[in-house]
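Counting starts at 1 for both ligands and their atoms, following the listed order.
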Amino acid sequence: MKVFVTGASGHIGSLVTAELIAAGHRVVGLARSDAGAARIASLGAEPLVGTIDQPGPLAEAAGAADGVVHLAFKHDFSDFMAAIQTDRTVIDAIADALDGSGKPFHVASGTMMLAAVQAGRIGTEDMVGDPESSPNPRAATESVVLGLAQRGIASAALRFSPSVHGPTDLHGFIPTLIAKARENGFAGYVGDGENRWPAVHNLDTAHLIRLGLEQAPAGVALHAVGDEGIPFRQIAEAIGRGAGVPTRSLSPEEAAERIGFIGAFMGVDNPTSSVATQELLGWAPTHPGLIADLDEGFYFNR
Ligand SMILES: NC(=O)c1ccc[n+]([C@@H]2O[C@H](COP(=O)([O-])OP(=O)(O)OC[C@H]3O[C@@H](n4cnc5c(N)ncnc54)[C@H](OP(=O)(O)O)[C@@H]3O)[C@@H](O)[C@H]2O)c1
């Protein structure tokens, strides 16, 4: 299969690219810089120079491919709605190029989309986030992606755990929480810290994305989840151990003030299952969990 991957130079995309190539697929990877193009070429893929601000060439590349994985995203949390709008424009352009083709179009999403609908329950693949009440405005994007199945596109929402962890995780929530712990002199959690976050290793995620492209039916959510739900206090304790700072309980308001953007998500209870994804794809997470990865030390020694 010839696969067009946006975000191919990133934390998740670079491992997906390597995984696809190792399995015998060809990859065209979007690169917005010379460094990105070099990284993509070093993985054995063909770089396509461009940006998500100019969707025309991306739609063309999607039309010429047998499948698309869309992972690129502007992680500019100072203007999150603009990032979401750019993402929607790219998705709409690629969808127009794939209309009626039956080709897979798999798009980054997150388990947090379910947080408002799952209260007291473990999130499952059949649940759909409510764009009105979800704490994450990307829920609206996900519902557009799932709806593309009605247009003859084998779309799937890749619901990533809020932490897709591993050595290439340089800008995700965990590195940000570590930086905040160092800055504040403590690792925070909200209330009693019993709220749960799912997590998944990056290598397990890459494997899941490859299997999904090869096998998933149209209009499904795939859960990239290894740890179903780690009490957030345990994550804070592991960050505290690694960063050499104490842990501290925060009110939701203090969390927003002291931790910033992630403070709003820190107290969310988001236990999530991947049982249906595992059964659908014959996938099983095999790499270390988040706490083991944090205790490994690499997050703190760079
Ligand atoms: N990592 C997680 O824990 C996690 C959790 C939930 C959801 N997600 C979602 O999963 C997707 C991939 O995440 P990631 O962790 O791999 O992110 P990442 O490491 O920050 O990679 C982002 C990718 O997007 C590219 N990109 C950013 N702005 C671009 C632009 N204007 N034009 C073209 N390309 C651009 C980056 O290129 P450069 O290499 O040039 O910067 C990079 O390849 C994102 O949608 C993210 O929000 C991630």
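Using a 4.0 Å cut-off between heavy atoms, Ser9 contacts ligand 1 through both its backbone and its side chain. Contacts with ligand 1 closer than 4.0 Å are made by no heavy atom of Arg39, backbone or side chain.
Side-chain contact annotation: Asp87 with Thr141, donor-acceptor N/O pair under 3.5 Å absent. No donor-acceptor contact under 3.5 angstrom links the side chains of Tyr189 and Asn195, judged on distance only.
Under the rule for a side chain to side chain donor-acceptor pair (under 3.5 Å), the partners of Asn202 that lie at least two apart in sequence or sit in another chain are His11, Thr168.
Checking only distances, Lys74 never comes within under 3.5 Å of ligand 1, N or O to N or O. Geometrically, ligand 1 and Pro162 share a nitrogen or oxygen pair separated by less than 3.5 Å.
Heavy atoms of Gly110 stay at 4.0 angstrom or farther from ligand 1. Residue contacts with ligand 1 leave out Gly172, since none of its heavy atoms falls under 4.0 Å from the ligand. Under a 4.0 angstrom heavy-atom cut-off, Ser109 registers as being in contact with ligand 1. In this structure, Gly36 does not count as a contact residue of ligand 1, since none of its heavy atoms falls inside 4.0 Å of the ligand. In this structure, Met112 does not count as a contact residue of ligand 1, since none of its heavy atoms falls inside 4.0 Å of the ligand. Remark: distances from the non-hydrogen atoms of Ala31 to ligand 1 are all 4.0 Å or more.
Of the listed options Val90, Thr168, Val164, Val164 places a heavy atom closest to atom 2 (C) of ligand 1. Remark: among candidates Arg138, His171, His11, the nearest residue to atom 45 (O) of ligand 1 is Arg138, based on non-hydrogen atoms. When His70, Arg32, Met113, His165 are checked for heavy-atom proximity to atom 38 (P) of ligand 1, Arg32 turns out nearest.
The aromatic rings of Trp197 and Phe173 sit tilted relative to each other, their planes meeting at an angle between 30° and 60°.
Near Thr51, meaning under 4.0 Å from one of its heavy atoms, ligand 1 places the atoms 32 (N), 33 (C).
Judged by distance alone, the side chain of Ser161 and the main-chain N or O of Val164 form no donor-acceptor pair under 3.5 Å. Under the 3.5 Å distance criterion, the side-chain polar atoms of Asn270 are matched with a main-chain donor or acceptor of Thr111.
Through direct or relayed side-chain contacts under 4.5 Å between Ile, Leu, Val, Met, Phe, Trp and Tyr, Leu148 connects to Phe4, Val28, Leu30, Leu48, Ile52, Leu58, Val68, Val90, Ile91, Ile94, Leu98, Phe105, Val107, Val145, Ile153.
A chain of hydrophobic side-chain contacts below 4.5 Å, direct or via other Ile, Leu, Val, Met, Phe, Trp or Tyr residues, connects Val268 to Ile259.
Ring to ring, His106 and His70 are not that close: their centroids are 6.0 angstrom or more apart.
A cation-pi contact, defined as under 6.0 Å to the ring centre and within 45° of the axis, is absent between Arg258 and Phe186.
Ranking protein heavy atoms by distance to atom 13 (O) of ligand 1, first place goes to Ile12 CD1, 3.8 Å.
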